[in-house]
J.: 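Quick one: the structure is below, questions incoming.
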Amino acid sequence: MEDDFRLLEDADDFEEDSDDISYELPVISCKSKAKSIKDYAEAAGYAVRKEVLLEDVLKDHALHLLPAKALFRFKTVSRGWDRWISSPLFAHRQTTYFSNISGLFHQVDGRIPSFILFDPDACDVPVPSLNFLPDHVYVKTSSKGLLCCQSVGENVSYYICNPVTKEWKKLPEPTLYHGAEAAIVLVFEPNLVNFNESYELVCAVTSPDHPVVYFEIYSSRSSSWRVSDTVCCELDGLEFHNGGYYLKGVVYWESSSGVILAFDLKDEEYDILPRPANGVQYGNGTLTVRHGELCYILPCYQDNVCTIYIYGNMDMSLKSVINLSYDAGITSGVCRALGFISDNILILALGMKVISYHVREDRVVLVGTSKEGPCPKYVPYVNSLASVRHPLIRDRGLIF
């Protein structure tokens with residue numbers, strides 16, 4: 001027995017009515033003859049009619065993709081936008097979705113921090129000097145809008161802050177002695193379905209008396225430090241460069257002994273990777289990510305030509321070489337890779353200048369200039385509304 005299809009119709013469906021009436025789509029049955037193609041095409045006319053305001057579309061689908069500074073301006077659009085942007089739910093959503101590098105914190109030894117903007121109109125921070133913190137600090141590391149700073153002086157204190165909202169938290173003292181040269185990495189991975197915005201600090205701690213590396217970890221969930229049972233005894237040099245780098249559950253540190261130390265946060269196991277040298281001075285290269293994979297950038301500047309070597313894979317084999325011409329005002333000198341801020345844009349420090357190189361367009365843009373001399377430390381920053389504390393607790397007034 002053959003089964004044909006047709007549209008079951010209700011006589012009321014064909015009545016002309018006002019725009020306020022909502023219609024349901026016709027029901028498909030397999031009892032009788034099929035209707036024509038024209039009838040199926042007309043079925044779209046029975047869809048629910050609802051007026052959608054542009055303001056609501058932007059609020060629900062666009063605002064969370066913008067940097068924090070732009071969002072503060074949009075609070076003036078309406079009371080509804082002000083309440084939505086000020087809510088902890090929106091802050092969590094914006095922190096999850098917005099990940100563009102907005103600029104670089106940089107700090108010359110003994111001076112207050114400064115900020116180099118990539119987009120002055122949208123990504124500024126209100127207090128680049130971070131003087132809202134109770135101590136003078138060194139900027140150590142950042143992640144997704146949160147900044148980790150270390151106090152200046154013998155008694156080491158760590159602060160987690162958001163320079164946009166000026167919210168900050170002082171961490172308890174670590175168990176081990178870290179010192180000013182602590183190789184510390186901030187790990188913060190906001191997730192849309194997990195409202196508890198927890199973060200971790202992972203520090204590779206060296207011992208002055210023994211050639212070993214300990215791993216001490218701070219968790220915002222427990223608000224405490226703990227020393228991992230894992231100890232690395234395989235490194236000859238105990239100096240780490242650039243603090244470290246985090247990617248896909250693993251923290252990486254570049255060591256002066258010519259290797260890269262990798263520490264798996266989940267299993268708390270370490271591994272040793274080769275570090276490319278290529279005759280370039282230690283400290284001028286950097287770990288970064290491109291196309292979702294870990295890579296190592298090693299630049300060499302000579303006679304106004306910067307040769308950039310890009311290494312990748314777990315064996316850190318040479319993947320590509322880029323030659324760019326740029327007159328930095330010197331014929332040779334310090335050229336440091338600061339990392340990719342996107343798959344197409346590489347940031348470099350040439351003397352006191354910071355430039356961005358757009359790979360596909362083969363174009364160089366001057367980003368900023370350090371007025372206080374060559375800067376030993378640059379920390380990338382994302383202009384987000386990330387909360388230092390649990391956003392629900394803060395909103396209910398339980399944390400002051």
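For the single chain, residues carry numbers from 1 onward in sequence order. Side chains included, hydrogens not; waters and symmetry mates left out as well; all remaining heavy atoms used.
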J.: When hydrophobic residues are tied together by side-chain contacts of less than 4.5 Å, even through go-betweens, does Ile341 share a cluster with Tyr97?
T.: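 No; Tyr97 is not reachable from Ile341 via cluster members.
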J.: So among Leu171, Leu130, Asp135, which one has a side-chain contact (heavy atoms from CB on, under 4.5 Å) with Tyr159?
T.: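 Only one option passes, and that is Asp135.
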J.: Does a side-chain N-to-carboxylate-O contact under 4.0 Å join Lys248 and Glu189?
T.: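 No, no charged N to carboxylate O under 4.0 Å.
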J.: How many angstroms lie between atom OG1 of Thr141 and atom CG of Leu201, to the nearest 0.5 angstrom?
T.: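 Answer rounded to 0.5 Å: 7.5 Å.
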J.: Report, one line per pair, each donor and acceptor closer than 3.5 Å where one atom sits in a side chain of residues 314-321; sequence neighbours left out.
T.:
unit_1, atom_1, unit_2, atom_2, d
Asp315, OD1, Ser317, N, 3.3
Asp315, OD1, Ser317, OG, 3.3

J.: With the side chain counted from C-beta on, respond yes when Ile160 and Leu186 share a heavy-atom pair under 4.5 Å apart, and no when they do not.
T.: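 The answer is yes; the side chains approach within 4.5 Å.
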J.: Testing the basics here: between Asn383 and Lys69, what is the closest heavy-atom pair and its distance to 0.1 Å?
T.: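 Taking every non-hydrogen atom into account, OD1-N, 3.0 Å.
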J.: Identify, with sequence neighbours excluded, every residue that meets side chain to side chain donor-acceptor pair (under 3.5 Å) alongside Glu216.
T.: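 Only Thr175, His178 meet the side chain to side chain donor-acceptor pair (under 3.5 Å) criterion with Glu216.
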J.: Starting at CZ of Arg83, measure out to OG of Ser78 and round the result to the nearest 0.5 Å.
T.: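 Separation between the atoms: 7.5 Å.
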J.: Which pairs with one or both residues in residues 340-371 pass ring-ring contact (aromatic ring centres under 6.0 Å, His included), sequence neighbours excluded?
T.: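 Output for this query is empty, none listed.
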J.: State whether a side-chain donor-acceptor pair under 3.5 Å links Glu361 with Asn344.
T.: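 Distance-only check passes for Glu361 and Asn344.
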J.: Determine whether more than 12 heavy atoms belonging to other residues, nucleotides or ligands lie under 6.0 Å from atom CD of Glu173.
T.: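 Counting other residues, nucleotides and ligands, CD of Glu173 stays at 12 neighbours or fewer.
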J.: The test is side-chain contact (heavy atoms from CB on, under 4.5 Å); show your working for Tyr177 and Val205 and say whether it passes.
T.: CA-CA 8 Å; Tyr177 176 73; Val205 183; over 6 Å; no
J.: Can you name the nearest heavy-atom pair linking Leu350 to Cys335, along with the distance?
T.: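 The answer is CD2-SG, 3.1 Å.
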J.: Ala183: what forms a side chain to side chain contact (heavy atoms under 4.5 Å, CB included) with it, not counting sequence neighbours?
T.: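 For Ala183 the side chain to side chain contact (heavy atoms under 4.5 Å, CB included) partners, ignoring immediate neighbours, are Ala204, Phe240, Trp253.
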J.: Does any N or O in the side chain of Thr95 come within less than 3.5 Å of the main-chain N or O of Ala386, such that one atom is a donor and the other an acceptor?
T.: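 Side chain of Thr95 to backbone of Ala386: a pair is present.
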J.: Under the criterion side-chain contact (heavy atoms from CB on, under 4.5 Å), I'd like the reasoning laid out for Leu133 against Lys170: C-alpha separation, chi angles, the key distance, then a yes or no.
T.: CA-CA 9 Å; Leu133 295 175; Lys170 184 178 181 179; over 6 Å; no
J.: If you compare all heavy atoms of Gly145 against all heavy atoms of Pro163, which two are closest, and at what distance to 0.1 Å?
T.: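 Looks like O-CD, 4.0 Å.
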J.: Could you grab the distance from atom CG of Asp271 to atom CG of Leu261, nearest 0.5 Å is fine?
T.: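 Here the rounded value is 9.0 Å.
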J.: Is there a path of hydrophobic side-chain contacts, each under 4.5 Å between heavy atoms, that joins Val127 and Phe72?
T.: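 Yes, it is one cluster - the side chains of Val127 and Phe72 are joined through contacts under 4.5 Å.
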J.: Just do the side-chain contact (heavy atoms from CB on, under 4.5 Å) check on Ser387 and Asn162 with the steps written out, would you?
T.: CA-CA 7 Å; Ser387 175; Asn162 185 330; over 6 Å; no
J.: For Phe105 and Pro128, which heavy atoms make the closest approach, and how far apart are they?
T.: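 Shortest heavy-atom separation between Phe105 and Pro128 comes out as CE2-O, 3.5 Å.
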J.: What's the separation between atom NE2 in His92 and atom NE2 in His64, rounded to the nearest 0.5 Å?
T.: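 Those atoms lie 12.0 Å apart.
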J.: Could you please spell out the steps behind the side-chain contact (heavy atoms from CB on, under 4.5 Å) verdict for Tyr245 and Val289?
T.: CA-CA 9 Å; Tyr245 195 82; Val289 62; 3.0 Å; yes
J.: Linking I/L/V/M/F/W/Y whenever their side-chain heavy atoms sit closer than 4.5 Å, directly or via other members, would Leu58 and Leu66 fall into one cluster?
T.: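 Both belong to a single hydrophobic cluster.
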J.: If I take atom CD from residue Gln107 and atom SG from residue Cys149, how far apart are they, to the nearest 0.5 angstrom?
T.: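 Between Gln107 CD and Cys149 SG, I get 8.0 Å after rounding to 0.5 Å.
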J.: Check whether the side chains of Thr288 and Thr286 place a donor and an acceptor atom closer than 3.5 Å, and report yes or no.
T.: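 Short answer, no.
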J.: Just checking, is any N or O donor in the side chain of Gln150 or Tyr138 under 3.5 Å from an acceptor N or O on the other one?
T.: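 Tyr138 and Gln150 do not have a side-chain donor-acceptor pair below 3.5 Å.
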J.: How would you list, by chain and number, every residue that makes a side chain to side chain contact (heavy atoms under 4.5 Å, CB included) with Lys144, sequence neighbours excluded?
T.: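 Ser99, Phe188, Pro190.
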J.: With rounding to the nearest 0.5 Å, note down the distance linking CZ in Arg363 to CD1 in Ile345.
T.: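 Atom-to-atom, Arg363:CZ and Ile345:CD1 are 8.0 Å apart.
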J.: Would a single hydrophobic cluster contain both Val305 and Leu366, if residues Ile, Leu, Val, Met, Phe, Trp and Tyr are joined by side-chain heavy-atom contacts under 4.5 Å?
T.: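 Each belongs to a different hydrophobic cluster.
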J.: Is it the case that the ring center of Trp84 lies less than 6.0 angstrom away from the ring center of Phe74?
T.: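 No, too far apart.
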J.: Side-chain contact test, heavy atoms from C-beta onward, threshold under 4.5 Å: evaluate it for Tyr199 versus Cys148 and give yes or no.
T.: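 They are not in side-chain contact.
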J.: Considering only heavy atoms from C-beta outward, does the side chain of Tyr218 approach that of Glu200 to under 4.5 Å?
T.: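 Sidechains of Glu200 and Tyr218: no contact.
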J.: In terms of heavy-atom contacts, does NZ of Lys75 have more than 12 from other residues, nucleotides or ligands at under 6.0 Å?
T.: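 Enclosed.
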J.: For residues Thr76 and Asp82, determine if any side-chain heavy atom of one lies less than 4.5 Å from a side-chain heavy atom of the other.
T.: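 SC-SC contact between Thr76 and Asp82 ruled out.
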J.: Which atoms form the tightest heavy-atom contact between Ala91 and Leu385, and what is the distance?
T.: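 Smallest interatomic distance, heavy atoms only, reads CB-O, 3.8 Å.
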J.: Can you confirm whether Leu348 sits close enough to Val354 that some side-chain heavy atom of one is under 4.5 Å from a side-chain heavy atom of the other?
T.: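 Not touching, per the 4.5 Å side-chain cut-off.
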J.: Do Thr230 and Glu268 pair up side chain to side chain, a donor and an acceptor below 3.5 Å, judged on atom types alone?
T.: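 No, no side-chain donor-acceptor pair sits under 3.5 Å.
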J.: Determine, using ring centers only, whether Phe263 and Phe215 are less than 6.0 Å apart.
T.: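 Under 6.0 Å, so yes.
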J.: Is there side-chain contact between Arg275 and Ser255, with at least one heavy-atom pair below 4.5 Å?
T.: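 A side-chain contact is absent here, since even the closest heavy-atom pair is not under 4.5 Å.
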J.: Can you hop from Val152 to Leu147 via hydrophobic side chains spaced under 4.5 Å?
T.: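 Different hydrophobic clusters.
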J.: For a quick test of reading the model, state the closest non-hydrogen atom pair linking Leu71 to Phe90 and the distance between them.
T.: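 Where Leu71 meets Phe90 most closely, the heavy atoms are CD1-CE2, 3.6 Å.
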J.: Would you mind reporting whether Asn100 and Val382 have side-chain heavy atoms less than 4.5 Å apart?
T.: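 Sidechains of Asn100 and Val382: no contact.
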J.: When you compare the side chain of Leu176 with that of Tyr214, does any pair of heavy atoms fall below 4.5 Å?
T.: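 A side-chain contact under 4.5 Å exists here.
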J.: Restricting to side chain to side chain donor-acceptor pair (under 3.5 Å), what partner residues turn up for Tyr252, sequence neighbours left out?
T.: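 Once residues adjacent in sequence are excluded, Tyr252 has no partner under the side chain to side chain donor-acceptor pair (under 3.5 Å) criterion.
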